[in-house]
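Reading through the structure tokens given below for one structure.
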Amino acid sequence: MAPDAASTAPASEALDRIKSIVGDKGWSAAPDDQAPLLTDWRGHFSGQCALLVRPASTEETAQVMTVCAEYGIAVVPQGGNTSMCAAATPQPHGHEILLNMGRMNAIRDVDPLNYTVTVEAGCILQDIQAASAEADRLFPLSLGAEGSCQIGGNLSTNAGGVNVLRYGNARDLVLGLEVVLPSGQVWNGLRRLRKDNTGYDLKHLFVGSEGTLGVITAAVLKLFPLPKDVQTCFAAVRDLDAVIELLARAREASGDAVSSFEMIGRFGIDLAIKHISGITDPLQERNDLYALIEFSGARADSGMAGNMEAFLETAFEDGLVLDATIAQSDAQRGNFWKIREGITEAQAVEGGSIKHDIAVPVSRVPDLVRTATQAVVDFMPGIRPCCFGHVGDGNLHFNFSQPPEMEKKAFLEHWHDVNRIVHDIVVEMGGSISAEHGIGQLKRDELHHYKPDLDLDLMRRIKAAIDPKGLMNPGKML
Ligand SMILES: Cc1cc2nc3c(=O)[nH]c(=O)nc-3n(C[C@H](O)[C@H](O)[C@H](O)COP(=O)(O)OP(=O)(O)OC[C@H]3O[C@@H](n4cnc5c(N)ncnc54)[C@H](O)[C@@H]3O)c2cc1C
């Protein structure tokens, strides 16, 4: 076990040294500045910090970490604070430093010929997408929080999102990293290479490590040709088996150019229309299950419109698709995506929700959804299943909204019981209890329940080797 660096409050002389390293703009002890950063996005976890620190450079970050190492001060790295598992929320005792990376937001270099962009960790994801598009390139990582999450957070959580099927998750999109280690040393792994077999690939230790091994300060990311031919459809689908059949057919029909394949249940659409302004129902008839499908080709004449029409026509004839519409404008496409991206927010407005971010092999999705839905409904009649997500990756946000007549607090007290029902089924099917959101504080006990002892032992040994004093994000993941 790593020692608990957060067991005592930091010495005031250490905090003074940190303040002088980052200067007046780089720290705050004001409750108003700190408050929004001390509670997680879902509002389930709150903490305190000894000081909010906002370094402006790798050098400042390294000097801050050097002081923390000297005095044994624990550090919580934070990006946009959109974690779904309270991974960036400090603990309630207030002994940790909250290291918010938002000021390190420079795009250092866009290299269209090497198809790479080099960015600082605090860059907002949407800004990286925009800078890449200006150079006629695509940075494909895309998710609902892209207007506020930061690339350092995306990499630290190995974020997924809506384009994983085609381009992979954050881990697949990174070529190099710069990391400040718990000792204060700077590890310069900012390589722009696609091939480099010179021993252990150290960057992958930090990707998905949720701030428990070091502070990511910069990254080299992969770019792709900017798609010029994007076709998006919203289809009512016969049933779960048809969704999976449709996915396989879409890959063939598009020449493996499916960039997104999302599944949405009717309840999710109803919630989005009810709680998010400016959304309209894409199809006239009500159905139970829908797919949002996008084909994208790099050339303007890639023929995706014809591919999508032919694909839908055959699926309609074979009874897989009951109704469908292809977006004819950016506004219509935007409406489809607003429904999909709005469900998370709409569910929060609707009341209590118990959530699961699970993955199983794609072919097991229908079995999983049927079995787990039935088991949870048997446990709590009246609970409202809200299942949607990246079915193309076998990853579902398998959520449940509270029965309308139940108190939110009473409902959320069943969080653990419902999780256990669903996660037991997921694990039995060879799946994952956290496909893309990570572990943080929320799923730490679940991780320890399901992960094999040897896996946990290896993780602890890596942690002890890189962070022997246990300074980095204590209480998260391990
Ligand atoms: C509406 C909404 C939709 C979402 N959709 C998706 C989705 O489709 N797919 C998906 O994968 N996720 C999704 N998420 C959650 C997702 O994990 C985050 O949006 C994002 O990846 C976290 O980035 P962040 O900058 O907010 O990180 P934070 O929440 O601030 O931090 C997350 C973790 O990373 C660590 N961290 C942050 N920055 C650094 C750094 N520079 N160095 C070291 N550690 C660091 C923190 O300590 C913490 O452990 C969604 C969230 C919201 C609110």
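These numbers come from a predicted model, not from an experiment. Both ligands and their constituent atoms are indexed starting at 1 by order of listing.
- Within the structure, ligand 1 lacks M477 among the residues with a heavy atom less than 4.0 angstrom away.
- A donor-acceptor contact shorter than 3.5 Å is absent between the side chain of K25 and the backbone of R103.
- Looking only at protein heavy atoms, the nearest one to atom 24 (P) of ligand 1 is G80 N, 3.4 Å.
- Within 6.0 Å of atom NZ in K19, more than 12 heavy atoms from other residues, nucleotides or ligands are found, so the atom counts as buried in its surroundings.
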| request: Could you give me the CA-CA distance, side-chain angles and deciding distance for R191 and D201, then say whether salt bridge (Lys or Arg N to Asp or Glu O under 4.0 Å) is met? | output: CA-CA 11 Å; R191 307 270 170 84; D201 198 337; over 6 Å; no
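- In this comparison of P77, A86, G211, the heavy atom closest to atom 46 (C) of ligand 1 sits on P77.
- For atom 41 (N) of ligand 1, the nearest non-hydrogen atom of the protein is I216 O, 2.9 Å.
- The aromatic ring centres of W415 and H356 sit 6.0 Å or more apart.
- Proximity of E210 to ligand 1, defined as any heavy-atom pair under 4.0 Å, is shared by backbone and side chain alike.
- The N/O atoms of H397, backbone and side chain alike, include none that comes under 3.5 Å of an N/O atom in ligand 1.
- Contact check on K451 versus E446 returns no salt bridge, with no Lys/Arg side-chain nitrogen under 4.0 Å from an Asp/Glu carboxylate oxygen.
- Shown here are the salt bridge (charged side-chain N to carboxylate O under 4.0 Å, His left out) partners of D455, two or more places apart in sequence or in another chain: there are none.
- For ligand 1 and H390, the ligand atoms under 4.0 Å from any heavy atom of the residue are 8 (O).
- You'll find the side chain of V174 reaches within 4.5 Å of the side chain of L155, heavy atoms only.
- A tilted orientation is assigned to the rings of F234 and Y290, their planes being inclined by 30° to 60°.
- Of all atoms in ligand 1, listed by their number and element, those nearer than 4.0 Å to a heavy atom of A159 are 11 (O), 21 (O).
- Close to ligand 1: M84, with a non-hydrogen atom less than 4.0 angstrom away.
- When hydrogens are left out, the protein atom nearest atom 28 (P) of ligand 1 is N81 N, 3.6 Å; that is the closest non-hydrogen contact.
- Listed by number with element, the atoms of ligand 1 under 4.0 angstrom from any heavy atom of M101 are 41 (N).
- No close placement of the F224 and Y115 rings is indicated, their centers lying 6.0 Å or farther apart.
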| request: Apply salt bridge (Lys or Arg N to Asp or Glu O under 4.0 Å) to the pair R461 and D457, showing each step before the final yes or no. | output: CA-CA 6 Å; R461 283 197 251 167; D457 183 42; 2.9 Å; yes
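- Taking every non-hydrogen atom of N473 and a distance limit under 4.0 Å, the qualifying atoms of ligand 1 come out as 47 (O), 49 (O).
- Given atom 45 (C) of ligand 1, the protein heavy atom at minimum distance is S156 OG, 3.1 Å.
- Residue contact check: N154 has heavy atoms under 4.0 Å from atoms 20 (C), 21 (O), 23 (O) of ligand 1.
- Looking at R251 and D256, a side-chain N of the basic residue comes within less than 4.0 Å of a carboxylate O on the acidic one, giving a salt bridge.
- Ligand 1 does not have V76 within reach: every non-hydrogen atom of the residue lies 4.0 Å or more from it.
- The pair R340-E262 meets the salt-bridge criterion, with a side-chain N (NZ, NE, NH1 or NH2) lying under 4.0 Å from an Asp/Glu carboxylate O.
- Between the choices E436, M472, R42, E120, the shortest heavy-atom distance to atom 7 (C) of ligand 1 belongs to E436.
- Note on D196 versus K203: no salt bridge recorded, every NZ/NE/NH1/NH2 to OD/OE distance being 4.0 Å or above.
- Residue G160 holds the heavy atom nearest to atom 11 (O) of ligand 1 of all those in A218, S209, G160.
- Atom 27 (O) of ligand 1 has as its closest protein heavy atom G153 CA, 3.5 Å.
- The atoms of ligand 1 that sit less than 4.0 Å from any heavy atom of A121 are 41 (N).
- Looking only at protein heavy atoms, the nearest one to atom 12 (N) of ligand 1 is H437 CD2, 3.5 Å.
- For G214, the closest heavy-atom approach to ligand 1 falls below 4.0 Å.
- Given atom 19 (O) of ligand 1, the protein heavy atom at minimum distance is T82 OG1, 2.6 Å.
- The protein non-hydrogen atom at the shortest distance from atom 33 (C) of ligand 1 is T157 CG2, 3.6 Å.
- Close approach to C149 involves these atoms of ligand 1, each under 4.0 Å from a residue heavy atom: 19 (O), 20 (C), 23 (O), 24 (P), 25 (O), 26 (O).
- Of the polar atoms of T344, none of the N or O atoms is found under 3.5 Å from an N or O of ligand 1, judged by distance alone.
- A salt bridge (Lys or Arg N to Asp or Glu O under 4.0 Å) check over residues 169-178, counting only residues at least two apart or in different chains, returns the pairs R108-E178.
- Taking a cut-off of under 4.0 Å to the non-hydrogen atoms of G152, the atoms of ligand 1 that pass are 38 (N), 39 (C), 41 (N).
- In this structure, the side chain of S209 engages the main chain of F206 through a donor-acceptor pair within 3.5 Å.
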